[in-house]
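The block underneath contains the structure these notes are about, expressed in structure tokens.
Per chain, numbering begins at 1; letters A, B, ... match sequence-line order. Computed from a prediction, not measured in an experiment: that's the story for all the values here.
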Number of protein chains: 2
Amino acid sequence: MENITIKVLASRLNLSATTISKALQDSHEISEPTKQRVRELAAALNYTPNTYARSLRTRKSETIAVVLPEIADHFFALVINGIEAVAREKGYHVLIYLTHEDYHREKEILEYIKKGRIDGLLISVTKNSTATEHIAVMEQENIPVIFFDRVMEQMQLPKVVTNDFESCYLATQHLLDCGCKKINVCTISTNLEISKQRILGYQKAMSDHNISIEKNQVLICDDDAQCYAKLYNSLQATNRPDGIIAIVDKLTLPIYLACEQLNLKIPEDLKVISFSNNPTAGILNPSLTTVSQPAFLIGQTAATLLLNSLDPKNNKVQQDITVIPSELIIRNSTGY
Amino acid sequence: MENITIKVLASRLNLSATTISKALQDSHEISEPTKQRVRELAAALNYTPNTYARSLRTRKSETIAVVLPEIADHFFALVINGIEAVAREKGYHVLIYLTHEDYHREKEILEYIKKGRIDGLLISVTKNSTATEHIAVMEQENIPVIFFDRVMEQMQLPKVVTNDFESCYLATQHLLDCGCKKINVCTISTNLEISKQRILGYQKAMSDHNISIEKNQVLICDDDAQCYAKLYNSLQATNRPDGIIAIVDKLTLPIYLACEQLNLKIPEDLKVISFSNNPTAGILNPSLTTVSQPAFLIGQTAATLLLNSLDPKNNKVQQDITVIPSELIIRNSTGY
DNA sequence: ATTATTTACGTTAACGATAAAGTAAATAAT
DNA sequence: ATTATTTACTTTATCGTTAACGTAAATAAT
């Protein structure tokens with residue numbers, strides 16, 4: 001079957017290729033009757049422009065990339081939903097790359113996509129990302145970058161985040177209100193800005209209540225394999241906490257499992273709050289009090305910012321931070 | 001900053017563009033010393049080939065598309081994980097498109113990507129997809145298509161699925177073994193092949209035990225808004241079931257919520273099994289017996305089949321069905 | 001010693017589109 | 001009536017790469 005290109009349309013209509021191109025772009029340079037004829041033939045022959053030829057010429061690909069640690073996590077899945085919704089509406093395509101928390105992989109991916117393939121990048125870095133050069137490279141290639149959730153605060157780029165400090169402050173406050181005397185916090189990293197902010201919020205709430213914190217009350221589960229054991233140990237100790245905050249969703253499961261194993265009752269023996277967007281939070285045993293992050297909105301916002309910055313009409317690059325607040329949803333894991 | 005193209009390398013090294021191209025592709029036509037020089041300069045100038053120029057010429061994009069109903073669903077998220085893993089390993093890029101169960105959108109998406117943009121397509125159709133033309137179009141454009149999970153059985157294309165019939169047979173069997181007398185099944189569609197197969201498995205198990213099924217024992221929750229109400233009604237009826245099978249994960253939540261509302265105890269009053277990959281199944285109240293689908297493996301397998309079919313070395317197009325079995329994981333929602 | 005083959009490149013054209021610049025005819029301005 | 005402008009196109013060049021074909025020199029074959 002013959003490949004339908006702009007040239008085929010041109011020769012069939014006795015017009016030049018350029019005229020076809022302009023007609024299909026509804027250029028004012030082309031008369032209405034001609035546009036009609038072109039559109040009709042294009043439809044009849046089921047013509048679709050060749051993406052690559054167009055992108056080569058225009059240096060635009062109408063494609064953005066999303067680089068993020070994980071997709072099998074409700075938070076990130078919802079973010080992608082938000083991104084995809086905006087992208088589709090504006091006619092953009094979305095490439096997905098997963099880092100699986102591997103900084104080296106993140107670097108590789110950016111190297112891999114920097115040239116020509118994408119018009120813009122949305123990224124949530126790995127918990128091990130400290131260097132910034134691999135992201136700076138994107139700027140050199142004139143590819144706008146926007147951070148979401150896991151940002152690199154030292155980079156002067158737009159960021160879309162939730163109110164990490166404040167929401168963890170409120171979570172801690174809630175545990176204290178529920179009568180907790182000793183609250184631990186459990187994180188996957190001390191490097192990530194979101195972790196730092198959430199831990200700071202926790203610390204501030206504690207100090208505002210004149211409660212001192214020991215070092216080991218911030219439990220660092222940066223190694224998946226040892227995470228359960230660490231939690232188990234901290235919960236079986238004689239000086240175990242009576243409240244715990246998991247600053248990411250994936251820590252919920254080991255906490256619940258450890259409690260079951262240790263015969264600790266939630267919320268009687270231990271009150272639990274997780275940063276989580278998992279819809280099953282409400283039917284856990286017991287139902288889980290969560291800090292619910294505006295994941296969809298974060299995705300939508302980040303994508304909108306990016307696509308706006310790609311639109312030549314509004315080229316004002318905003319380097320500011322957009323903060324979208326999280327919501328504390330109180331359920332049974334922190335009392336009744 | 002000057003754009004580093006193959007021509008720049010050529011002029012700096014006093015070679016032709018073609019030689020550079022061949023050298024970078026490690027062609028046997030180029031001498032080793034020349035290759036060295038080319039590679040060194042390319043590295044020094046941080047040269048990356050322009051994707052679009054290359055794709056235009058070679059008619060390959062090293063990009064595949066994944067079209068699926070939803071991403072905020074652990075099953076699909078894991079499938080994507082599997083796909084992405086294989087794609088990265090083989091140097092392919094992955095575009096994601098979400099249909100949100102909208103057939104019209106699915107059609108639009110395929111129209112949108114059919115020309116040149118992708119080398120192959122992995123698709124899991126919406127619950128409303130019955131027409132096949134939009135997928136047949138892909139074949140006309142010589143884009144290989146592979147179905148995963150939600151297949152169109154009437155199309156002669158490779159499919160990767162789990163053992164839907166059998167696993168639902170076994171789930172039903174398990175409920176019967178646990179003493180259930182009246183088992184309902186709850187589905188999101190009667191159109192989807194996976195639904196049909198699962199329901200058939202259920203029906204076969206029932207008839208093998210000489211238990212007749214009334215029509216309303218197959219509950220069709222094809223409308224999200226009415227799903228909860230439908231489930232609630234069926235569970236409050238005097239002739240309510242004592243066992244229920246949810247053939248997709250998203251039905252778990254309304255079932256649990258309805259039981260809570262109606263004060264029905266799981267598993268005493270109602271035994272529940274869901275097709276689910278949600279890791280929280282183990283910490284639900286009570287923990288949920290699941291048919292756990294090999295989601296990651298399905299993704300991996302589908303991607304591997306697709307990428308193999310794109311490799312000119314093995315152009316044998318396999319049109320067969322690959323079946324990867326699910327696993328019944330017994331937990332507390334079906335007894336102890 | 002002559003011809004055939006291989007090696008290591010180069011030249012030209014093309015992938016399919018669009019940008020930039022050009023042009024003939026029609027219309028408007030003076 | 002002459003010049004300026006607008007309309008509706010066309011011509012040419014180019015995006016960056018690679019396929020197809022060409023070729024001079026070196027090597028091998030006869």
Side-chain angles (χ1 to χ4, degrees), chain A residues 1-39 41-42 45-63 91 114-119 141-142 312, chain B residues 1-39 41-42 45-63 113-119 141-142 312:
Chain A
M1 199 184 64
E2 189 191 14
N3 196 17
I4 307 295
T5 69
I6 231 169
K7 285 182 196 165
V8 174
L9 300 185
S11 77
R12 295 226 197 170
L13 293 174
N14 267 319
L15 290 168
S16 74
T18 302
T19 303
I20 305 295
S21 173
K22 286 179 179 165
L24 291 172
Q25 283 172 83
D26 203 20
S27 160
H28 66 91
E29 285 182 46
I30 308 299
S31 70
E32 202 50 53
T34 303
K35 283 182 191 170
Q36 279 288 345
R37 288 204 303 147
V38 172
R39 285 196 205 107
L41 186 65
L45 297 183
N46 204 7
Y47 166 79
T48 325
N50 181 301
T51 311
Y52 294 110
R54 173 181 280 171
S55 291
L56 176 59
R57 195 66 247 253
T58 62
R59 300 167 171 285
K60 289 272 161 256
S61 63
E62 265 117 44
T63 304
K114 72 170 190 220
K115 199 62 160 269
R117 193 174 279 274
I118 58 168
D119 292 347
E141 300 282 346
N142 275 318
Chain B
M1 199 182 65
E2 189 190 18
N3 196 16
I4 307 296
T5 69
I6 231 169
K7 285 181 194 165
V8 174
L9 300 184
S11 77
R12 295 227 196 169
L13 293 173
N14 267 320
L15 290 168
S16 74
T18 301
T19 302
I20 306 294
S21 173
K22 286 178 181 166
L24 291 172
Q25 283 171 82
D26 203 20
S27 160
H28 65 91
E29 284 182 45
I30 307 299
S31 70
E32 202 50 53
T34 303
K35 283 183 193 173
Q36 280 287 346
R37 288 204 304 145
V38 173
R39 285 195 205 107
L41 186 65
L45 298 184
N46 203 10
Y47 166 78
T48 324
N50 180 302
T51 312
Y52 294 110
R54 173 181 280 173
S55 290
L56 176 59
R57 193 68 248 249
T58 62
R59 299 165 172 287
K60 290 269 161 260
S61 64
E62 265 117 43
T63 304
I113 61 178
K114 73 171 190 217
K115 199 62 158 270
R117 193 174 280 274
I118 59 167
D119 292 348
E141 300 282 345
N142 275 317

Give a yes or no answer on whether the side chain of [X] reaches the backbone of [Y] with a donor-acceptor pair at less than 3.5 Å.
X       : Y        : result
A/Tyr52 : B/Arg117 : yes
A/Ser61 : A/Ser55  : no
A/Gln25 : A/Ser21  : yes

Strictly under 3.5 Å: I want the nitrogen or oxygen pairs between protein and nucleotides 14-18 of chain D, one per line.
unit_1	atom_1	unit_2	atom_2	d
D/dT14	O2	A/Arg57	NH1	3.0
D/dC15	O3'	A/Arg59	NH2	2.7
D/dG16	OP1	A/Arg59	NH2	2.5
D/dG16	OP1	B/Asn3	ND2	2.7
D/dG16	N2	B/Ala53	O	3.2
D/dT17	OP1	B/Tyr47	OH	2.5
D/dT17	OP1	B/Asn50	N	2.9
D/dT17	OP2	B/Ile6	N	2.5
D/dT18	OP1	B/Arg54	NE	2.9
D/dT18	OP1	B/Arg54	NH2	3.3
D/dT18	OP2	B/Ser21	OG	2.5
D/dT18	O2	B/Arg57	NH1	2.6

Partners of B/Arg37 by side-chain hydrogen bond (donor to acceptor under 3.5 Å, both in side chains), sequence neighbours excluded?
none
Nearest heavy-atom approach of B/Leu56 to A/Ala53 is CD1-CB, 3.6 Å
Testing the basics here: between B/Asn3 and B/Val8, what is the closest heavy-atom pair and its distance to 0.1 Å?
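B/Asn3 and B/Val8 have their closest heavy atoms at O-CG2, 3.6 Å.
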In a table with atom names and distances, give each donor-acceptor pair under 3.5 Å that connects a side chain of residues 13-20 of chain A to protein atoms at least two apart or in another chain.
unit_1	atom_1	unit_2	atom_2	d
A/Ser16	OG	A/Thr19	N	3.2
A/Ser16	OG	A/Thr19	OG1	2.9

C/dT18 C1' sits how many Å from A/Glu62 CD, rounded?
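In whole Å, C/dT18 C1' and A/Glu62 CD are 13 Å from each other.
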Restricting to nitrogen or oxygen on both sides, can you table the protein-nucleotides 24-26 of chain C pairs closer than 3.5 Å?
none

Counting only heavy atoms and a strict 4.0 angstrom limit, can you tell me which residues of residues 27-37 of chain A come near DNA chain C?
none
Residues B/Ile6, B/Tyr47; criterion side-chain contact (heavy atoms from CB on, under 4.5 Å); working and verdict:
CA-CA 8 Å; B/Ile6 231 169; B/Tyr47 166 78; 3.8 Å; yes
Step-by-step side-chain contact (heavy atoms from CB on, under 4.5 Å) determination, B/Thr5 to B/Asn50
CA-CA 8 Å; B/Thr5 69; B/Asn50 180 302; over 6 Å; no
Using a 3.5 Å limit on both distances, find every run of at least three consecutive Watson-Crick or G-U pairs that involves DNA chain C.
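Correct response: C:1-30 with D:1-30.
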